[in-house]
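One structure is given below, encoded as structure tokens.
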Amino acid sequence: MSDLSLLILQTLDNGPIEDTSVVFPSIETNIMQGTLSSLMAKSMIVFKTIEQELWTLTPEADEILEKGSHEIRLLDEVTKSLEGLKLADVPKLLGQAGKLGQLRAFKNGWIKKDGDKLVSNVSSKPEDVTAKDLGIIKQTGTLDNAKELAELRKRKLIVKGKKVSYSVEKGPEFALEIKKLETDLTPEMIQSGAWKTATFKPYNFDAEGAPTQSGALHPLNKVREEFRQIFFAMGFTEMATNQYVESGFWNFDTLFVPQQHPARDLQDTFYIKDPIEADEPEDKTYWENIHKVHEQGAFDSIGYRYPWSAKESLRLVLRTHTTAVSSRVLHQLAKDPKPARFFSIDRVFRNEAVDATHLAEFHQIEGVIADYNLTLGDLIGFMDRFFTRMGVSKLRFKPAYNPYTEPSMEIFAWHAGLNKWIEIGNSGMFRPEMLEAMGLPKGLKVHGFGLSLERPTMIKYALSNIRELVGHKVNLDFIENNPAVRLDEELV
Ligand code: FB9
């Protein structure tokens, strides 16, 4: 038990403590509060907090207490100089105090001017009221004379503070000795019977559990899991996306992206040096269909009519979108065409300028829906249902262009927090040049849509820079201690 605890108990034995700051003036408030809280937890005392306004001295005021007020120090210098104190000598003698002292000494009628000098105007040394009042405030924290208190505050010699102290009384379990509080019931206590007289510390149901040293899911993975559950709930099957390197054939040509499209330029796409190219796909009919639909046109399309290059098609790239994976999966579906829903959430790579919200790689979320007689209205309706599940209710659709979908739409949502429409994704109906080239029947239409994983994650965790989320500058405390994410809250 601390000495202070004992002192408090012994003092209480003689009666209640009205104000701890009076009985124990040298004990700091936080020490006093901790000791009282500990005694109260054992029901040995009860205490209440007393908060009082109090005034404290500024450093200038402390100097006045030590040396006297500016005005009294100036009067002393004037009195010492028999012919009077030259005005020009005041700053040399007293510095800033001299100037301040003059104002007060004139106001008090202690000095007067005689030509270029100051002379005394009093027959005896007056009381230094400023120093006296500051001494009282230093002792008691206040001053009875409200006018003089206001004057000292105006002169910035005192500042307002708060004094915290406590009134203390005996509690139901008051004693001069502190019983050892047991925290654990041990086998020894049971065997010896000591449990019968032991006093156990009351159980603190408000105490937080000890932090567990465990792993932590990265926020991107938390949001990814939210999206995966939404897709599963809406009947989607996850695509295998564990192949970052794709041929230009799967990443571009099968999606009817022409070989001279700017997206295929070096400044947009990462090309692999070694190996430099892929093998031709096994499905030779498909290979020829793609060649034909680009070069001459096919499947009721006039194509792009350019000399399609097999070599260009086999160049290896880091996939620029997971639509490359969708193409592979839909090509598989053509072997047994039927309505189906697939999704993917994985990394894609683009050789583009990076900024606060874009890096050279990001996670694309993509969904494809294959069914007979699908219309654009069905796509709009689905997007509405999909985004409603993540708290986004007000959508707008804007015509857009993608080489592989026609019609295409950019998707916008109203962001109440930003008070504006924000782009939340892109979508469209895959073109026949893509679908029929892989062998899907004419009637089987396919919707596609995509968004990024980073953008919703940054919004949900209120991050302004993507480098707070990924990269070497990430704060691991943020990763370990961020809250679970729920996508179904309003987008704010
Ligand atoms: O994710 C994006 N924005 C977004 C998404 C969600 C969100 O909050 C959630 C609702 C709670 C907030 C914002 N965008 C797409 C829009 C912009 O961020 C854009 O600046 C960046 N886009 C990326 C591509 O930029 C190079 C986001 C990424 C994107 C864009 C298009 C697709 C996929 C990802 C696509 C597609 C597609 C189209 C048709 C068929 C198949 C796939």
Side-chain angles (χ1 to χ4, degrees), residues 220 222-224 226-227 230 239 251 254-257 262-263 268-269 319-327 329-330 341-370 374 376 379 382-418 420-431 434-435 445-463 466 485-492:
L220 277 177
K222 288 182 180 175
V223 175
R224 177 174 172 272
E226 290 292 302
F227 275 104
I230 289 172
M239 294 185 260
N251 197 77
T254 60
L255 301 175
F256 201 51
V257 177
D268 286 72
T269 298
R319 70 179 177 216
T320 61
H321 44 202
T322 46
T323 321
V325 183
S326 302
S327 184
V329 167
L330 290 170
R341 293 181 169 192
F342 300 104
F343 81 93
S344 62
I345 304 176
D346 210 332
R347 287 183 185 201
V348 295
F349 309 87
R350 300 203 182 172
N351 189 7
E352 290 174 344
V354 296
D355 60 23
T357 56
H358 294 84
L359 292 174
E361 61 181 83
F362 65 91
H363 292 76
Q364 180 174 337
I365 299 169
E366 177 155 327
V368 294
I369 301 168
L374 283 177
L376 188 65
L379 176 56
F382 175 81
M383 297 317 313
D384 208 43
R385 293 193 303 279
F386 178 77
F387 280 108
T388 299
R389 285 173 175 264
M390 53 195 81
V392 177
S393 48
K394 281 168 72 176
L395 293 186
R396 271 184 178 173
F397 298 86
K398 179 182 169 188
Y401 171 76
N402 295 318
Y404 37 86
T405 54
E406 183 57 37
S408 307
M409 303 178 296
E410 282 171 350
I411 308 161
F412 290 80
W414 178 253
H415 191 299
L418 301 175
K420 67 176 186 178
W421 291 93
I422 62 164
E423 185 188 348
I424 61 169
N426 192 301
S427 64
M429 298 183 74
F430 286 113
R431 301 179 65 125
M434 173 182 160
L435 302 179
K445 303 299 181 189
V446 183
H447 288 159
F449 64 92
L451 62 154
S452 80
L453 182 62
E454 282 77 4
R455 292 298 288 135
T457 305
M458 287 175 72
I459 287 177
K460 286 293 174 183
Y461 284 93
L463 303 175
I466 197 166
V485 71
R486 281 186 49 193
L487 278 182
D488 60 350
E489 292 161 333
E490 185 62 32
L491 185 61
V492 289

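In this chain, residues are counted from 1 in sequence order. Side chains included, hydrogens not; waters and symmetry mates left out as well; all remaining heavy atoms used. Numbering of ligands and ligand atoms starts at 1, following listing order.
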Contact partition for Ile365 relative to ligand 1, non-hydrogen atoms under 4.0 Å: neither
Under 4.0 Å, heavy atoms only, figure out whether ligand 1 is touched by the backbone of Phe449, its side chain, both or neither. backbone
Qualifying residue for side-chain contact (heavy atoms from CB on, under 4.5 Å) with Met434, from Thr254, Val257, Leu330: Leu330
Sequence-distant partners of Arg347, side chain to side chain contact (heavy atoms under 4.5 Å, CB included), two or more places apart: Tyr244, Phe349, Glu361, His363
With heavy atoms of Ile459 as the reference, note each atom of ligand 1 found under 4.0 Å away. 12 (C)
Would you please say whether a donor-acceptor pair under 3.5 Å links the side chains of Thr320 and Asn251? yes
Can you tell me which portion of Ser427 lies within the under-4.0 Å heavy-atom range of ligand 1? Options are side chain, backbone, both, or neither. backbone
Those atoms of ligand 1 less than 4.0 Å from some heavy atom in Val392: 10 (C), 11 (C)
Trp414 and Trp421 aromatic ring geometry - parallel, tilted or perpendicular at 30°/60° bounds: perpendicular
Which ligand 1 atoms are under 4.0 Å away from a heavy-atom of Arg350? 26 (C)
Does Glu423 reach ligand 1 with a nitrogen or oxygen that is under 3.5 Å from one of the ligand's nitrogen or oxygen atoms? yes
Side chain or backbone, does Asn426 bring an N or O within less than 3.5 Å of an N or O on ligand 1? no
Contact between Leu451 and Phe386 at the side-chain level, heavy atoms closer than 4.5 Å - yes or no? yes
Verify, without hydrogens or angle tests, whether Asp355 (side chain) and Thr357 (backbone) share a donor-acceptor contact under 3.5 angstrom. yes
Is Lys460 near ligand 1, meaning one of its heavy atoms is under 4.0 Å from it? no
Region of His321 that comes within reach of ligand 1 [heavy atoms, distance under 4.0 Å]: neither
For Val329, all residues meeting side chain to side chain contact (heavy atoms under 4.5 Å, CB included), sequence neighbours excluded: Met239, Val325, Phe342
